[in-house]
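A short worksheet on the structure shown next.
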Amino acid sequence: LLRYLLGRIACSAAAVWLVATLTFLLLHAVPGDPFSTEKGVPQVVLRNLAARYGLDRPLWEQYCRYLGGMLRGDLGLSMRYPNRTVAGVIAQGFPCSAAVGLLALSFGFPAGCLLGVASALRRGRVSDRLLVGAALVGVSVPGFVAASFLQYLFGVRWGLLPVAGWGTLRHLVLPSLSLGLWVAAVSARLVRAGMVDVLGEQYVLYARAKGMPGRVVVFRHAFRNAVLPLASALGPVAAHVVAGTFAVEQVFGMPGLGKHFVQAACNLDYTLVMGLAVFYAALLSAAVLAGDVLCAALDPRIRLGG
Amino acid sequence: VKSVARVLAVLLVAVLAVSCLSGCGQKASAPERPVRVLRLNLGEEPPDLDPGTSHDSVSLQVLNNVLEGLVRVGPGEKIEKGSGLAADWSASSDGLRYVFTLREAKWSDGVPVRAQDFEYAWKRVLDPRTGSSYAYLMYGIKGAKALNSVDPKAPASEIEAKMAAVGVRAVDDRTLEVVLERPVPYFLSLLAFPTFFPVRRDVVEKHGDAFASEPDRMVYCGPFVIREWQHEAKMVLERNPSYWDAGGVALDRVEFAMVKDQNAAVNMFDAGELDAVMVPGEFLEKYREQGLLKPVPVAGSWYLMYNLKKPAFRSVDARLAFSLAVDRRQLADAVLKNGSLPAASLVPPAVPGPGGRPFTEAVGKLFPESADPAAAREALARSGFPAGRKVVLLASDTALQKKVAAALQEMWRKNLGVEVEVQSVAFKVWIDRMKKGDFDLCLCGWGADYNDPMTFLDLWVTGAPYNSGGYSNPEYDRLVEEASACLDEAKRFGLLVECEKLIARDLPAAPLWWPVRGFAEKPGVEGIVRHPVGADLDLKWAKVK
């Protein structure tokens with residue numbers, strides 16, 4: 001297993017390097033530069049700025065310097081936030097995104113599983129149709145719509161929770177609820193599909209034929225296999241939620257990481273975009289790996305490392 | 001193997017959870033509510049609070065309240081002696097030499113504010129190694145451009161030599177002498193801008209790149225100090241007891257939220273979490289009815305730039321046709337719906353002209369409010385514009401600009417019978433293509449750099465960086481040059497009015513609308529000063545009841 005893990009980690013490192021290289025090339029292929037503004041800034045000023053950030057050097061030299069810095073853990077200074085390091089921006093934003101993301105996962109995932117199972121057991125009935133419909137809406141409604149809706153209801157209309165902002169536990173509720181609903185909808189759909197498949201399998205039929213109580217059949221035998229599609233999707237879903245989502249953070253004014261993914265790209269903040277891409281690639285690889293390990297733990301048919 | 005994997009999986013999840021939650025422990029202290037607190041939305045994290053390099057509107061709003069220059073512009077938009085750190089000044093008759101006398105004032109750490117702090121700050125802005133975006137605002141000072149133009153990799157001695165030749169000198173602790181390269185009629189109004197604020201050498205050198213990145217990594221000389229800064233979440237200002245006019249500051253505390261989403265900010269205002277908020281267009285009517293709306297004019301202007309190098313717009317008649325086909329009233333009232341005004345000329349009414357009255361009063365209406373399809377089609381026919389010629393309108397991809405571009409497209413189709421292709425591109429791409437002249441028509445907005453018509457009119461000088469449509473008229477260049485050196489106010493404004501008339505005749509651009517911002521303020525909030533130009537927020541005189 002250790003050997004397998006090491007191999008996977010090496011693969012992940014290669015993937016991160018690939019992402020870094022591609023991002024670097026793409027960024028420099030986009031027209032414009034981080035310092036271009038609508039103002040008629042003289043050439044001299046732009047040259048001074050380029051020199052300060054080393055952008056006046058040949059592209060390959062910038063690339064080598066960047067990779068070198070990355071290996072030493074130095075992601076450079078942000079260009080939009082000139083007195084903050086990229087690592088500092090990530091270290092500041094990630095915990096907040098992660099807290100909200102984990103909170104969302106912690107209730108969205110079990111809720112989704114329960115709803116998925118309930119729906120599968122009532123397959124074809126009205127309650128199943130309603131749940132499927134609700135899950136479909138939950139998956140397809142854009143984040144900012146759900147977030148704005150919750151914000152209006154709980155914050156403005158009923159005045160139960162702060163509208164936006166950060167700093168107390170109460171501020172965590174609405175963002176994680178907005179995200180959690182999406183997580184619940186995604187997992188409910190996956191679990192329902194898995195469950196419907198598994199319930200038709202012969203071993204389930206056999207268990208029932210043996211006279212096992214329905215609850216044991218469903219949760220002990222069927223659920224373990226039904227949840228597999230979700231377990232393999234859990235890694236990417238978790239990485240996505242934990243790294244922060246633009247819409248929810250924007251609406252609730254959270255100091256998270258999600259908004260940087262969009263804004264840094266718009267600002268062409270080279271160093272911040274690179275840092276975020278590398279960070280997200282690493283996070284995603286780790287999450288996928290964790291998901292695979294989880295799958296193996298759940299399913300005796302899967303053997304890691306063969 | 002299975003059990004190992006299971007343990008590992010649980011461990012991984014646990015480690016992730018713990019590491020995330022522990023990082024999030026920097027919670028705010030219990031909310032205390034002193035008597036006079038004003039709660040505003042900053043919109044986002046201030047990217048750069050180093051006054052020497054800062055160039056975004058969010059940071060400038062903060063800087064203007066925690067630091068102060070030689071001049072502070074008050075509610076009347078006038079430049080007055082004693083309004084800022086300069087108690088008095090005198091200018092030579094040729095307008096080339098200014099001598100400022102500083103008032104007795106202290107930094108927040110008790111150290112006196114000295115003329116040397118200004119000399120150091122200004123030379124630091126001009127030092128090419130600093131990489132300051134707004135360095136060019138100082139180019140009127142003797143030797144400033146020469147210093148800023150030195151190669152940043154040149155030997156230090158070369159930079160030092162150029163630095164010594166810059167016309168800024170602390171004669172003694174309280175006297176600052178400034179020598180200009182050429183007369184700059186609006187020089188005093190520049191001094192209220194954060195690029196010209198004083199900076200302490202010892203503080204900058206102590207913190208290096210981290211200068212101004214945290215509240216305790218800077219010192220303050222303005223009405224407020226930064227007490228608390230939770231990055232990207234919240235900033236708290238408190239009255240600065242060391243400020244020279246601390247008695248004149250009414251607020252104890254200012255709390256800035258950093259919520260980017262405008263609708264969310266409006267929701268916060270409605271829920272009583274903010275005392276004032278900027279209102280997006282769709283809510284203007286609601287707050288106007290409630291009597292809470294305060295419209296604030298902006299020294300900005302939106303216009304259509306023509307590319308005179310492209311065959312489509314080489315003829316002035318073609319340019320006239322596209323301008324006449326636009327219904328500016330409809331654009332402002334039915335499309336923008338945010339309180340903006342139809343533009344009758346390039347320079348907006350918020351910019352003062354002769355006698356402090358709006359410059360637009362001296363200019364008059366040069367562009368009609370409604371469209372004139374008949375005259376537009378006639379002008380197009382005169383220009384020999386071939387049927388079916390493809391015309392591209394370049395615009396940035398913000399919601400506002402997309403809306404405007406679509407409306408313009410429709411007006412040209414209806415009133416002119418010309419099909420225009422709209423290309424909405426990301427902001428940075430828009431800048432790049434605009435500067436390279438890669439467009440037929442370009443939707444542009446310009447905000448004043450300083451409070452003078454010149455900031456809108458010198459855009460159209462031959463070869464100016466923003467004049468990418470390639471307009472060139474020696475007569476226009478001469479008018480601008482003459483006005484730049486003219487110290488007789490009446491004559492100078494006369495020349496600038498001529499410039500506006502030439503623009504309306506030659507049409508390098510067609511003005512479209514003058515933007516206005518709307519703010520909603522809770523009853524009892526008074527005295528928030530919002531300038532049409534530069535660092536626009538001033539809370540020195542703000543009160544809450």
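Proteins come first, then strands; the chains are lettered A, B, ... in the order of their sequence lines, and each starts at number 1.
- Proximity to chain A is limited to the backbone of B/M258, based on heavy atoms less than 4.5 angstrom apart.
- Of the two parts of B/D127, neither the backbone nor the side chain holds a non-hydrogen atom closer than 4.5 Å to a non-hydrogen atom of chain A.
- The contact between A/P162 and chain B is made by backbone and side chain atoms together, counting heavy-atom distances below 4.5 Å.
- Counting heavy-atom pairs under 4.5 Å between each of B/C444, B/A426, B/G131 and chain A puts B/G131 at the top.
- Heavy atoms closer than 4.5 Å to chain B are found nowhere in A/L105, neither backbone nor side chain.
- A donor-acceptor distance shorter than 3.5 angstrom exists from the side chain of A/N83 to the backbone of B/F211, with no hydrogens or angles considered.
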I'd like to know whether B/K260 forms a side-chain contact (heavy atoms from CB on, under 4.5 Å) with A/E249, so could you lay out the CA-CA distance, the side-chain angles of the two residues, the decisive distance to 0.1 Å, and finally the verdict. CA-CA 9 Å; B/K260 179 103 178 173; A/E249 290 185 7; over 6 Å; no
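- A donor-acceptor contact shorter than 3.5 Å links the side chain of B/K428 to the backbone of A/P34.
- Taking chain A as the reference chain and counting heavy-atom pairs below 4.5 Å, the highest number among B/A210, B/A135, B/A212, B/A265 is found for B/A212.
- The side-chain heavy atoms of A/R80 and B/D48, taken from C-beta on, include no pair separated by under 4.5 Å.
- If you measure heavy-atom distances from B/T53 to chain A, the contacts under 4.5 Å come from the side chain alone.
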Intermediate values then yes/no, side-chain contact (heavy atoms from CB on, under 4.5 Å), B/E45 and A/Y81: CA-CA 9 Å; B/E45 160 90 354; A/Y81 306 99; 3.8 Å; yes
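- Among B/L459, B/T130, B/D270, the residue with the largest count of heavy-atom pairs under 4.5 Å with chain A is B/T130.
- To the nearest 0.5 Å, atom CZ of residue A/R47 and atom CG of residue B/N148 are 7.5 Å apart.
- Residue B/V150 touches chain A through its backbone alone, counting heavy-atom pairs closer than 4.5 Å.
- For B/S132, the part lying near chain A is the backbone, with the side chain staying farther off; criterion is any non-hydrogen pair under 4.5 Å.
- B/E232 has a carboxylate O that lies under 4.0 Å from a charged side-chain N of A/R84, or vice versa, which qualifies the two as a salt bridge.
- Crowding of A/Q43 atom CD: a count of heavy atoms from other residues, nucleotides or ligands under 6.0 Å not exceeding 12.
- Of the listed residues (A/A164, A/A51, A/A238), the greatest number of heavy-atom pairs within a distance under 4.5 Å of chain B belongs to A/A164.
- If you measure heavy-atom distances from B/K153 to chain A, the contacts under 4.5 Å come from the side chain alone.
- The SG atom of A/C96 lies 12.0 Å from the NE2 atom of B/H231; values are rounded to the nearest 0.5 Å.
- Note: B/S149 leads B/A271, B/A257, B/S149 in heavy-atom pairs under 4.5 Å with chain A.
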Please evaluate residues B/N263 and A/S148 with respect to the criterion side-chain contact (heavy atoms from CB on, under 4.5 Å), reporting the C-alpha separation (whole Å), side-chain torsions for both, the decisive distance (0.1 Å), and the verdict. CA-CA 8 Å; B/N263 292 336; A/S148 307; over 6 Å; no
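- The environment of NZ in B/K286 is crowded: more than 12 heavy-atom neighbours from other residues, nucleotides or ligands sit within 6.0 Å.
- For the residue pair A/Q250 / B/D261, no side-chain donor-acceptor distance below 3.5 Å is found, with atom types taken as modelled.
- Not a single donor-acceptor pair under 3.5 Å links the side chain of A/R52 to the backbone N or O of B/P128.
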